[in-house]
Amino acid sequence: MGALLWLLIPLFAAVGAGLWGSWAGRTRKQRNDGPELTGYARFREAMERSDSGT
């Protein structure tokens, strides 16, 4: 009987991890890459305009 109790610990841990994972994934906002892509486009334009002077 004691061995069965020890086997219940990982079972409860797995169920708890699954519940937490589903809750954490549900409440996460979707990330938008708009600002990063806009900044990268500005960086590329600046690099194309820059004159090395050599």
List the residues meeting side-chain contact (heavy atoms from CB on, under 4.5 Å) with Trp6, not counting sequence neighbours, and say none if there are none.
Ile9
Got a sec, which residues hit side-chain contact (heavy atoms from CB on, under 4.5 Å) with Arg44, two or more places apart in sequence or on another chain?
Tyr40, Glu48
Find out if a path of hydrophobic residues (ILVMFWY) with successive side-chain heavy-atom gaps under 4.5 Å connects Leu5 to Phe12.
yes
